[in-house]
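Heads up, the thing below is written out as structure tokens.
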There are 2 protein chains.
Amino acid sequence: MEKQTVTIYDVAREAAVSMATVSRVVNGNPNVKPATRKKVLEVIDRLDYRPNAVARGLASKKTTTIGVIIPDVTNAYFSSLARGIDDIAMMYKYNIILTNSDENGGKEVQVLNTLMAKQVDGIIFMGNQVTDELREEFRRSKAPVVLAGSVDAEKTQPSVNIDYVAAVAEAVKNLIDHGNQKIAFVSGSMKQAINHDYRLKGYKKALKDAGIAYDDKLVFETDYTYKAGQSLEPALSAAGATAAFVGDDELAAGVMNGLTDAGVDVPGEFEVITSNDTKLTELVRPKMSSITQPLYDIGAVAMRLLTKLMNNESVDENTVILPYGLMKRSSTK
Amino acid sequence: MEKQTVTIYDVAREAAVSMATVSRVVNGNPNVKPATRKKVLEVIDRLDYRPNAVARGLASKKTTTIGVIIPDVTNAYFSSLARGIDDIAMMYKYNIILTNSDENGGKEVQVLNTLMAKQVDGIIFMGNQVTDELREEFRRSKAPVVLAGSVDAEKTQPSVNIDYVAAVAEAVKNLIDHGNQKIAFVSGSMKQAINHDYRLKGYKKALKDAGIAYDDKLVFETDYTYKAGQSLEPALSAAGATAAFVGDDELAAGVMNGLTDAGVDVPGEFEVITSNDTKLTELVRPKMSSITQPLYDIGAVAMRLLTKLMNNESVDENTVILPYGLMKRSSTK
DNA sequence: CTTTGATGTGAAAGCGTTTTCACTCTTGCG
DNA sequence: CGCAAGAGTGAAAACGCTTTCACATCAAAG
């Protein structure tokens, strides 16, 4: 039953060299005579020796593992980022410990602590509600932490994002240009920096530029779920809105379908523009116009940035802003 | 710059006890006098001591980490399973190393090896193409491996699934009952056991039970992507099909939208039933009828099963079959 | 030849825990 | 009062590697 594990010591003995030499060939250290290398490799192959990464981690203080904190893998926006992260991580020989946080502060802190206990070499954090406690943990961490697709108003951590303010402003301006005066702002919790400090700011800016008064009756704070969006219709109509900017695609799909099901024509009577350009935008009918973001790239770049930080390479810019766009589909005129 | 790490030794010194005792209180070993425990806990708190999980892993040969191999996190079916896995894992104090395999045999083997090198305590594998090489790796692994939402015709590994044959048969029967004679079978690669050995079998069974001849012109093997589905319309019509069973929701959404865009009325002229009951089924219009599966639970149960295996607990049934259902929405009559 | 600077190798000290084993105290009980 | 049985604790040996340091060897240069 017990599977015998062969260690570096066994290899050394069989090959009649020291552990140090075995370690050298395993790690590709050039200071080994070709003949010796060959001999060792043969033994490694014969014994089917596989280095124990845990022991290696203890000795070298590097685990080639990074922690990824994600609100919910099930959300298309975040899973797209996660894919970018994993691909680049794999490219650089890192593995990812992935944990769902539900954007719950307590859970985030706890998870962060277990990640640090596991000696991850770096951390990628997704989530828009960076509490003071969390920030304190980031600071305490000896592993670099980068935010991906997430913002913290304090801007204390390296991060990769798009310019949310400008993107939202542009999206809302688009709606205004189509003649809409009463534009709803639909998002998740206002406790999240991305909503409160960025999107809303973009929204207000667009209104102001167009000389439209801001009316908080048109601001809808809800959950990032399809159902939440779907049940928003009565309120939206009651408020007299004729268009909406929505902060999440799933939520937007809900809003749109809720409208449609209530007999409101989209985009004829009501325009909808969403934020994340996930696959969903193409699946629903009408297809949803959206701010476009290089989702995969945000994850990929964040991971790439993290590798640099982990290697203490100099980084010219700690917060990188990727380009966004606006994709007109069929939920807007 | 260097963050000083405090070790168990520091705590022992400060508390004037041995490392063994500190270890005992950290691990909740009852054989410690309350007074001693209190003293140690105070020091731990004062020094902000945090046990190094890597060292712990080396000494105890347990990492409280499990490996999860997933075809693509971005796919709603798999990410739902992943969520179930992670939640239960967290409940049992495990973390997850998540890696995307793209169902690519070579990558799977490689990933499996790095997971084993990292000494994971267990592995959950998702993917339906278990090659001989892969099977061999599973066997070689000292960590238990369970398949989640995936089947291997050889049935050599513990797994958690639904009864695909029966589910598909029922779905197809439903289509037949609506008067369809030419029912397309649309799935991913036939190299995958789930398609070739399970779904197709269910499909054939339903046809046979209804006395309909099997026609391989109605079998469409394609990718699990929206685009692939969308571009299937001409072929589907050309084959004279009036209904389709589809093996993946995203693919099904593509099929359905492709049909609709080509002016075919769903479900009036063409019925579609899909397989995974992910969120997508509710987002599209018409909403898609689907086989229902307890997605989250498949992941959760797989993880629970794995914990038992890791603890060498006796397990009454190595392959657990969860109940499925059929949800009629609007893509079928 | 000797010197010098690479080049190749091994011994052994960590890395931060867990765990075994032995030992010392206490208790409870006959 | 004597003794067996816990209860509580510490010393030290793992765990499987990396890395430092010292040493030996060897080829090229003087």
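Letters A, B, ... are given to chains in the order of the sequence lines, protein chains preceding strands, and every chain is numbered from 1. This one's a predicted model, so the numbers in the text were calculated from it and none came from an experiment.
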Determine: side-chain N/O of [X] to OP1/OP2 of [N], distance under 4.0 Å, yes or no.
X: B/Ser23; N: C/dT17; answer: no
X: B/Thr21; N: D/dG10; answer: yes
X: B/Asn52; N: C/dC15; answer: no
X: B/Arg56; N: C/dG16; answer: no
X: A/Tyr9; N: D/dT18; answer: no
X: A/Thr36; N: C/dG8; answer: no
X: B/Ser18; N: D/dG10; answer: yes

- Query: Across the strands shown, which category fits A/Val17 at heavy-atom distances under 4.0 angstrom: base, sugar-phosphate, nothing?
  - Reply: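 If one applies the 4.0 Å heavy-atom cut-off, A/Val17 turns out to touch the sugar-phosphate alone, with no base involved.
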- Task: May I ask you to say what B/Arg37 touches in the nucleic acid, namely base, sugar-phosphate or nothing, with a heavy-atom cut-off under 4.0 Å?
- Result: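 It contacts nothing in the nucleic acid.
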- Message: Centre-to-centre under 6.0 Å for A/Tyr224 and A/Tyr77, is that the case here?
- Response: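 So the answer is no for these two rings.
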- Using the side-chain contact (heavy atoms from CB on, under 4.5 Å) rule, pick out the option among A/Val17, A/Thr21, A/Val32, A/Asn29 that qualifies with A/Arg37.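 It is A/Val32; the other options fail the test.
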- Which of these passes side-chain contact (heavy atoms from CB on, under 4.5 Å) with B/Val120: B/Leu112, B/Leu115, B/Thr64?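 Single side-chain contact (heavy atoms from CB on, under 4.5 Å) partner of B/Val120 among B/Leu112, B/Leu115, B/Thr64: B/Leu115.
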Could you tell me how far apart [X] ([atom1]) and [N] ([atom2]) are, to the nearest whole angstrom?
X: B/Leu58; N: C/dT19; atom1: CG; atom2: P; answer: 12 Å
X: A/Lys61; N: D/dC17; atom1: NZ; atom2: P; answer: 18 Å
X: B/Lys33; N: D/dG10; atom1: NZ; atom2: C1'; answer: 14 Å
X: B/Met19; N: D/dA11; atom1: CE; atom2: P; answer: 10 Å
X: B/Leu47; N: C/dG16; atom1: CG; atom2: P; answer: 15 Å
X: B/Asn31; N: C/dT26; atom1: CG; atom2: P; answer: 17 Å
X: A/Asn29; N: D/dT19; atom1: CG; atom2: P; answer: 10 Å
X: B/Lys62; N: D/dC15; atom1: NZ; atom2: C1'; answer: 14 Å

- Message: Suppose we call a contact any N or O donor and acceptor under 3.5 Å apart; does that hold for the side chain of A/Arg24 and the base of C/dG10?
- Response: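 Counting by modelled atom types and ignoring angles, a donor-acceptor contact under 3.5 Å is found here.
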- Message: Between A/Ala20 and B/Pro34, which residue's closest nucleotide on DNA chain D lies nearer the 5′ terminus?
- Response: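 Nearest-nucleotide comparison on DNA chain D picks B/Pro34.
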- Message: With no hydrogens and no angle check, just 3.5 Å: does a side-chain donor-acceptor pair link B/Asn27 and B/Arg56?
- Response: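 Judged by distance alone, the side chains do pair up.
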- For B/Glu103 and B/Gln192, does a side-chain donor sit closer than 3.5 Å to a side-chain acceptor?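 Checked: B/Glu103/B/Gln192 side chains pair up, N/O donor to acceptor below 3.5 Å.
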Among the nucleotides [options], which one has an atom lying closest to any side-chain atom of [X]?
X: B/Tyr49; options: D/dG16, D/dT19, C/dT17; answer: C/dT17
X: B/Thr7; options: C/dT18, D/dT9, C/dG16; answer: C/dG16
X: A/Ile8; options: D/dT19, D/dT18, C/dT18; answer: D/dT18
X: A/Ala59; options: C/dT18, D/dC17, D/dG10; answer: D/dC17

- Do other residues, nucleotides or ligands put more than 12 heavy atoms under 6.0 Å from the CD atom of B/Glu133?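 Open: at most 12 neighbouring heavy atoms sit under 6.0 Å from CD of B/Glu133.
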